[in-house]
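Encoded as structure tokens, the structure appears first; notes follow it.
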Amino acid sequence: MTEKLITKYLELTDANKIDVFESKDGYSRIQKVLKELKPEEVVDEVKKSNLRGLGGAGFSTGMKWSFIPKDGKKPVYLVCNCDEAEPGTFKDRHIVTSTPHLLLEGMMIAAFAVNAHKAYIFIRGEYERPYERLAKAVEEAYAKGYLGKNIFGSGYDLDIVVHQGAGAYICGEESALLEALEGKKGWPRLKPPFPAVVGLFGCPTVINNVETLSYLPLVMQGGADWFSKLAGEEKSGGTRLFCVSGHVNKPGIYELPVDTTLRSLIYDHAGGIRGGKQLKAVVPGGISAPILSAEEIDVKMDFDSLRAAGTMAGSGGVMVMDEDTNMVEALMVASRFFAHESCGQCSPCREGSAWLYKIVKRINEGEGRVEDLDSMLSIAGNISGTTICALGDAAAMPVTSYIKKFRSDFEDYISDCHLPVETQS
Amino acid sequence: MEIPEELKKKWDEAVARYEEKRAALLPVLRLSQDHFGYISAEVEEAVAHYMGTTPVHIREVVTFYELFHTKPVGKNNIQFCHTLACNLNGCEPLIKQLKEKIGIKEGETSSDGKYSFSRAECLGACEMAPMMKINKDIYGPLDKDKLNEIIENL
């Protein structure tokens with residue numbers, strides 16, 4: 001059995017309460033860091049651990065921190081991205097609900113490393129009960145003197161504010177999140193400048209995902225070497241939380257080394273396909289990730305292996321489809337999502353996502369034409385790489401990959417729906 | 001319009017948490033919606049005045065975000081997820097069943113004010129698919145009988 005890091009806390013009864021959390025090493029890691037390390041030593045340790053951004057981008061966490069200017073001219077902010085909205089992903093909801101103090105301890109470590117004295121947690125508006133848990137945890141931490149002035153008697157000050165979003169997928173994109181946090185509609189910013197230089201209120205800002213931050217106490221406790229070696233693919237860090245849903249026997253969260261194969265995740269951990277059916281396809285990293293066919297599941301789940309396989313590890317949201325899945329309807333659902341969530345700033349995404357949805361919806365309703373498939377590929381091609389943020393590509397990738405890998409499904413669906421009336425039984 | 005003192009106090013508390021006043025806009029709007037049930041044009045104007053910005057900026061923000069309502073919603077605001085994991089697990093027949101049961105279409109509120117219904121994009125609980133959210137709570141995995149039971153107990 002593999003090592004349980006975050007899962008150890010997720011499975012602990014009442015780990016949302018500060019006393020229970022503290023009985024299992026909780027807040028001991030931050031105290032050790034404050035007592036024994038300099039901020040730059042924390043950055044180096046996290047770099048060495050190869051902990052990557054688990055919100056979806058997979059960028060080295062320590063490297064991201066090192067882009068913060070050292071001149072100290074402006075205050076530095078830490079922002080925790082808990083705008084978990086990538087379909088197929090639900091790990092952050094479990095962390096903030098079941099073990100919010102682990103996140104807070106991780107934020108303390110990150111804030112100390114980048115010399116931030118103010119941190120925000122941006123939690124999606126729909127997560128109302130999780131928000132209540134988180135707000136309660138912050139209150140408990142203040143009451144014990146773990147937040148505020150001179151935390152743990154170290155002379156270091158840190159305030160954390162929980163900020164509720166109001167419902168917009170785009171706010172998971174870090175610069176859109178900053179806009180929302182500044183009281184505006186969530187339109188992504190042009191980059192550069194990157195948030196590390198010009199972020200919240202024009203100041204240097206580090207934005208990290210809930211899961212990434214929650215790993216920090218564990219990385220600091222076990223050491224960078226230990227963490228990076230938990231998986232064979234050392235460059236991708238040790239473990240992560242995979243969210244498995246769809247047609248599996250045991251949907252849920254599985255914390256595994258990142259060199260676990262997709263096949264093992266589905267069959268050894270998530271209990272295989274429901275009803276003893278055959279696997280047809282898998283979306284391996286949230287709805288944006290290009291789909292894989294049943295023949296492609298021997299791939300390892302780390303960022304680099306999945307990229308090499310033409311898809312992405314993304315947010316760790318694995319959605320499994322059995323042999324009876326209607327690929328036209330599945331793509332219609334994905335395209336409806338992106339058409340609904342496009343923020344409207346860039347024409348290729350705003351117009352393109354709407355047209356993609358219109359066309360695939362028409363196909364799904366039985367009015368498809370064979371030339372629709374090439375039109376969709378062409379529209380998707382014109383969105384890719386032409387927008388301010390990555391959501392344009394996210395809207396295009398399902399279309400391109402579903403049609404490429406399951407073209408005959410689409411063609412059969414279109415032609416079956418066009419049988420002359422007299423030959424239909 | 002006149003803003004009650006208790007709400008005004010909550011606005012002030014929200015503003016105090018941020019370095020810049022403008023950052024408190026989403027919390028201020030949420031507090032206003034919790035108080036009035038929805039955000040009317042009058043509330044938008046009052047918020048604009050309080051925040052030191054224009055009503056058009058407030059309208060832009062209110063209409064951009066999914067969770068702000070510009071008209072009253074029912075006592076039980078039902079959001080049924082219809083994104084991929086819920087679709088794969090058969091949300092569509094359940095949505096049909098729900099609409100028939102409460103007798104309203106998407107985006108409507110029942111005439112007695114008891115229910116509002118809308119479809120939602122992924123609510124972040126795919127392990128519970130098919131699922132729905134009623135006010136602050138989530139329910140899943142649903143089937144025909146569970147859905148009936150939950151609605152009947154509202």
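None of these values were measured; they are calculated from a predicted model. Just so it is clear: chains get the letters A, B, ... in the order the sequence lines come, proteins before strands, and each one is counted from 1.
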Discussion item. Could you check whether any side-chain heavy atom of R336(A) comes within less than 4.5 Å of a side-chain heavy atom of R119(B), counting everything from C-beta outward?
Written reply: yes
Practice prompt. For residues A166(A) and Y65(B), report the shortest heavy-atom separation together with the two atoms involved.
Written response: O-CB, 3.2 Å
Worksheet, complete the sentence: If one checks every heavy atom of A129(B) against chain A at 4.5 Å, the contacting part turns out to be neither
Discussion item. Please give me the minimum heavy-atom distance between F64(B) and G186(A), naming the atom from each residue.
Written reply: CE2-N, 3.1 Å
Worksheet item: Under 3.5 Å, is there a donor-acceptor pair between the R17(B) and H163(A) side chains?
Response: no
Worksheet entry | Interchain contact, R30(B) with chain A, by part (heavy-atom threshold 4.5 Å) | side chain
Discussion item. What I'd like to find out is whether the side chain of E60(B) reaches to under 4.5 Å of the side chain of K184(A), using heavy atoms alone.
Written reply: no
Worksheet item: Among G246(A), A85(A), A168(A), A334(A), who wins on heavy-atom pairs under 4.5 Å with chain B?
Response: G246(A)
Worksheet item: Which atom names give the shortest non-hydrogen contact between T83(B) and I287(A), and what distance separates them?
Response: CG2-CD1, 4.1 Å
Discussion item. Any salt bridge linking K136(B) with E132(A)? Criterion: basic side-chain nitrogen under 4.0 Å from a carboxylate oxygen.
Written reply: yes
Item to complete: Counting only heavy atoms closer than 4.5 Å, note whether Y131(A) contacts chain B via side chain, backbone, both or neither.
Response: neither
Practice prompt. Taking the side chain as every heavy atom from C-beta outward, state whether E20(B) and E182(A) have any atom pair closer than 4.5 Å.
Written response: no
Discussion item. Need one label for V320(A): side chain, backbone, both or neither, based on atoms under 4.5 Å from any heavy atom in chain B.
Written reply: backbone
Fill in: Residue part contacting chain B, namely of R124(A), when any heavy atom lies under 4.5 Å
side chain
Worksheet entry | I138(B), part contacting chain A, at a heavy-atom distance under 4.5 Å | side chain
Fill in: Heavy-atom closest pair, residues C122(B) and P87(A)
SG-CA, 3.5 Å
Worksheet entry | Test item: L26(B) and Q164(A) side chains (from C-beta on) under 4.5 Å apart, heavy atoms | no
Practice prompt. Locate the shortest heavy-atom distance separating D137(B) from R129(A); write the atom from each residue and the value.
Written response: OD1-NE, 2.7 Å
Discussion item. For chain B, which candidate among E128(A), K185(A), E84(A), E341(A) shows the most heavy-atom pairs at distances under 4.5 Å?
Written reply: K185(A)
Worksheet item: Checking I170(A) against chain B: side chain, backbone, both or neither under 4.5 Å from a heavy atom?
Response: side chain
Worksheet entry | Under 4.5 Å from a heavy atom of chain B, the part of K118(A) involved | side chain
Worksheet item: E19(B) and Y77(A): side chain to side chain contact (heavy atoms under 4.5 Å, CB included), yes or no, with the steps?
Response: CA-CA 11 Å; E19(B) 278 71 10; Y77(A) 292 103; 3.1 Å; yes
Fill in: Donor-acceptor contact present, side-chain H247(A) to main-chain L88(B), <3.5 Å
yes
Worksheet entry | Heavy-atom contact with chain A under 4.5 Å, split by part of H57(B) | side chain
Discussion item. Can you tell me which portion of L181(A) sits under 4.5 Å from chain B's heavy atoms? Options are side chain, backbone, both or neither.
Written reply: both
Worksheet item: Heavy-atom distance under 4.5 Å to chain A: side chain of M51(B), backbone, both or neither?
Response: neither
Worksheet item: Step by step, would you call R274(A) with N89(B) a side-chain hydrogen bond (donor to acceptor under 3.5 Å, both in side chains)?
Response: CA-CA 11 Å; R274(A) 202 179 295 165; N89(B) 284 294; 2.8 Å; yes
Practice prompt. Determine, for R93(A) against E127(B), whether the closest basic-nitrogen to carboxylate-oxygen distance falls under 4.0 angstrom.
Written response: yes
Item to complete: Give the member of A180(A), G252(A), G344(A), G317(A) that has the highest number of heavy-atom pairs under 4.5 Å with chain B.
Response: A180(A)
Worksheet entry | C171(A) versus chain B, the contacting section by heavy-atom distance below 4.5 Å | side chain
Worksheet item: For the rings on F201(A) and Y18(B), is their centre-to-centre separation under 6.0 Å?
Response: no
Worksheet item: Residue by residue, which of residues 321-330 of chain A have a heavy atom closer than 4.5 Å to a heavy atom belonging to chain B?
Response: M321(A), T325(A), E329(A), A330(A)
